[in-house]
Amino acid sequence: MITGIKGFNDILPGEVETWQHIEAAARRVFGCYGFSEIRIPILEKTELFCRSIGDTTDIVEKEMYSFVDKGENAVTMRPEGTASVMRAYIEHKLYAQDPVAKLYYLGPMFRYERPQKGRYRQFHQIGAEVTGVTDPKVDAQVLTMLCHFFAELGLTEPTLQINSLGCPDCRPAYREALKGFLRERLDRLCDDCKRRYETNPLRALDCKSAHCKEATADAPAMLDHLCPACNGHFAATRRHLERVGTPYAINTRMVRGLDYYTRTTFELVTGLLGAQSAVAAGGRYDGLIADLGGPGIPGIGFAMGVERVALLLKEQTFARRPDLFVAALGEGAQDEAFLLMSSLQRLGFTVEMDYEGKSLKSQMRRADKLNARFTLIIGGDELLRGSAVLKNMDAGSQGDVALKPETIASHLRIDKP
RNA sequence: GUGGCUAUGGUGAAGCGGUUAACACUAACGACUGUGACUCGUUCAUGCGUGGGUUCGAAUCCCACUAGCCACCCCA
């Protein structure tokens with residue numbers, strides 16, 4: 001048996017409806033905020049991700065599906081979407097028409113990691129980006145839209161956490177202050193944090209080890225070291241969130257894995273997904289567009305893990321319910337049933353029948369199994385009279401109807417959800 | 001890359017060295033005599049992840065592989 005590749009999953013009927021539900025909600029909600037979809041390629045030049053995500057991040061160092069194609073180009077299957085969206089924004093000079101772009105995307109991303117709950121090698125993200133606005137109202141807007149999306153799905157559990165990472169003016173000084181703090185406690189930190197002290201000291205703030213949490217309990221916070229501009233930006237973001245009623249919590253220990261983030265960063269976290277607590281995450285990236293060779297235009301955005309959202313919706317079913325099942329007895333009735341079914345399908349109804357002429361009992365069982373709203377029973381007698389029996393499967397009631405598509409359609413429209 | 005746990009049919013599983021490999025669900029067909037749900041009956045693993053070994057005898061014990069899951073690192 002040929003099996004799929006580790007970490008690459010099939011999304012089967014039964015669960016794909018959940019995905020469609022999530023995607024439809026995203027399109028609906030994002031549309032309210034003026035976002036347009038952008039479709040970007042799965043393969044990009046490897047250089048794009050090295051420049052944007054950061055050469056020394058784990059994603060670039062060990063998790064990318066990179067290879068050399070037949071034209072000897074170094075290419076990579078995208079590990080995230082923001083870099084590609086910004087590349088397209090710059091390449092097509094979208095900023096020339098209007099520097100403010102509100103874009104969303106959805107599709108597969110690829111990272112070579114060991115799979116676990118809520119984490120796969122091919123996974124899917126829905127992301128949104130806004131370029132060209134520095135004003136904190138847009139920070140609040142993006143966060144509010146994200147929360148709106150989850151509310152639309154009926155999910156209240158993931159909570160919003162926000163933080164500010166400062167900018168190139170204030171972060172270096174904070175980084176040194178934090179290193180100074182950690183230096184005096186190095187012997188109390190775990191091996192991972194000793195390594196982080198060199199590579200990315202901010203990471204020590206969200207270490208899972210109880211010892212490290214204790215040792216860094218009163219570490220200096222970035223929020224206390226923001227420059228006046230960043231401080232004002234963060235305060236205004238908070239004020240706008242409060243005014244529109246988007247609940248949030250400040251998490252001074254939240255750090256981001258990608259190098260391009262500045263100022264506002266955020267995560268939507270849940271306790272229901274094991275080790276994968278982040279359902280969606282993002283932040284401001286005011287330097288990214290310039291780093292990629294574009295103009296000095298700011299940006300902010302987020303990405304959510306569709307698998308993780310689907311896991312939160314796990315218990316709900318979004319199965320489609322047929323409007324009608326046509327049961328027929330005998331050759332002539334079967335042919336008539338097929339014709340009728342086709343007519344009703346063209347009228348927009350979901351209609352099913354048994355294709356192989358089984359017993360009436362067997363057909364009724366199938367109608368029940370498919371959870372059809374109505375069943376139409378066509379036998380030899382009915383065919384001659386030009387009528388059939390229409391049965392309401394929920395109520396159990398039934399009556400004669402004329403064998404005409406329009407007549408049956410009018411019955412089906414009653415109480416149609 | 002590192003660690004832990006688990007592998008019996010389409011699914012959930014019982015089995016603990018000698019059984020026709022339970023039971024339940026699903027599915028197919030049938031009974032209740034052109035109509036589903038409830039009830040009942042029949043059918044569905046020559047095989048227990050793969051390969052070795054121990055034994056008169058292995059799904060059951062041992063070893064090695066492989067796969068899956070969860071966790072670490074990291075991350076949506």
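Every chain is numbered from 1, with letters handed out A, B, ... down the list of sequences.
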How is A:G127 classified with respect to the nucleic acid when contacts are heavy atoms under 4.0 Å: base, sugar-phosphate, or nothing? nothing
With distance as the sole criterion, do the side chain of A:K361 and the base of B:U35 form a donor-acceptor contact below 3.5 Å? no
Provide the Watson-Crick or G-U wobble partner of B:C38, both distances under 3.5 Å; none if there is no partner. none
Determine the contact category for A:D58: base if any of its heavy atoms lies under 4.0 Å from a base atom, sugar-phosphate if only primed atoms, P, OP1 or OP2 are that close, otherwise nothing. sugar-phosphate
Separation between the P atoms of B:C65 and B:C73, rounded to whole Å: 27 Å
How far does the P atom of B:U19 sit from the matching atom of B:U60, given to the nearest Å? 13 Å
May I ask you to verify whether the side chain of A:R114 and the base of B:C74 hold a donor-acceptor pair under 3.5 Å? no
Complement of B:C73, any strand, by Watson-Crick or G-U distances under 3.5 angstrom: none
Would you say B:C72 has OP1 or OP2 under 4.0 Å from some side-chain N or O of A:K208? yes
Under 4.0 angstrom, heavy atoms only, what part of the nucleic acid is A:E61 near: base, sugar-phosphate, or nothing? nothing
When you measure from the side-chain N and O atoms of A:K369 to the phosphate of B:A27, is any distance below 4.0 Å, counting only OP1 and OP2? yes
For B:A67, give its Watson-Crick or G-U wobble partner with both distances under 3.5 Å, or none. B:U6
Determine the interatomic distance between P on B:C61 and the same-named atom on B:G18; round to the nearest Å. 12 Å
Validate the cation-pi geometry between A:K102 and A:Y33: distance from NZ or CZ to the six-membered ring centre under 6.0 Å, angle to the ring axis within 45°. no
For a quick check of understanding: with a heavy-atom distance under 4.0 Å over all strands, which category does A:G380 fall into, base, sugar-phosphate or nothing? nothing
Looking across every strand, which nucleic acid part, if any, lies under 4.0 Å from A:A367 by heavy atom: base, sugar-phosphate, or nothing? nothing
Taking only the side-chain heavy atoms of A:K117 (C-beta and beyond), determine which of B:A37, B:C70, B:C73 contains the nearest atom. B:C70
State whether the distance check finds a donor on one side and an acceptor on the other, under 3.5 Å, for side chain A:R365 versus base B:U35. no
NA contact type, A:Q398, heavy-atom cut-off 4.0 Å: base, sugar-phosphate, or nothing? base
Determine: side-chain N/O of A:Q125 to OP1/OP2 of B:A76, distance under 4.0 Å, yes or no. no
P spacing across the pair B:U2 / B:U26, given as an integer number of angstrom: 44 Å
Taking NZ in A:K45 as the centre, count heavy atoms belonging to other residues, nucleotides or ligands within less than 6.0 Å. Is the count above 12? no
For a quick check, tell me whether the side chain of A:Q363 and the base of B:U35 share a donor-acceptor pair closer than 3.5 Å. no
Would you indicate, yes or no, if B:C29 has its OP1 or OP2 atom less than 4.0 angstrom from a side-chain nitrogen or oxygen of A:S359? no
Need one value for A:R203: base, sugar-phosphate or nothing, where a base atom within 4.0 Å counts as base even if backbone is also close, heavy atoms only. sugar-phosphate
Just call it for A:S362: base, sugar-phosphate, or nothing, with non-hydrogen atoms closer than 4.0 Å on any strand. sugar-phosphate
If I pick the C1' atom on B:U8 and the same atom on B:A45, what distance separates them, to the nearest angstrom? 9 Å
Pairing donors with acceptors under 3.5 angstrom, does anything connect the side chains of A:H233 and A:D139? yes
Taking B:A21 as the reference, what is the distance to B:U46 when you measure between their C1' atoms (whole Å, please)? 11 Å
Face-on cation placement of A:R185 at A:F181 ring, 6.0 Å and 45° thresholds: yes
Does any donor atom in the side chain of A:S387 or A:E382 lie under 3.5 Å from an acceptor atom in the other side chain? no
Can you confirm if the NZ or CZ of A:R256 lies within 45° of the ring axis of A:Y261 and under 6.0 Å from the centre of its six-membered ring? yes
Nearest-angstrom distance, C1' atom, B:G15 to B:G9: 15 Å
Counting any heavy atom closer than 4.0 Å, what does A:K391 reach on the DNA or RNA strands: base, sugar-phosphate only, or nothing? base
Using a 4.0 Å heavy-atom cut-off, does A:I126 contact any base of the nucleic acid, only the sugar-phosphate backbone, or nothing at all? nothing
Pair assignment for B:G12, Watson-Crick or G-U wobble, requiring both distances under 3.5 Å: B:C23
B:G52 and B:U42: how far apart are their P atoms, nearest whole angstrom? 39 Å
Please check the phosphate of B:C74 (OP1 and OP2 only) for any side-chain N or O of A:R195 closer than 4.0 Å. yes
Side-chain contact check for A:K358: nearest option of B:A76, B:C73, B:A28 is B:A28
With under 30° as parallel and over 60° as perpendicular, where do the rings of A:H225 and A:Y174 fit, or are they tilted in between? tilted
B:G18 pairs with which nucleotide, Watson-Crick or G-U wobble, both distances below 3.5 Å? B:C56
Applying a 4.0 Å non-hydrogen cut-off, can you work out what A:F374 is touching in the nucleic acid: base, sugar-phosphate, or nothing? nothing
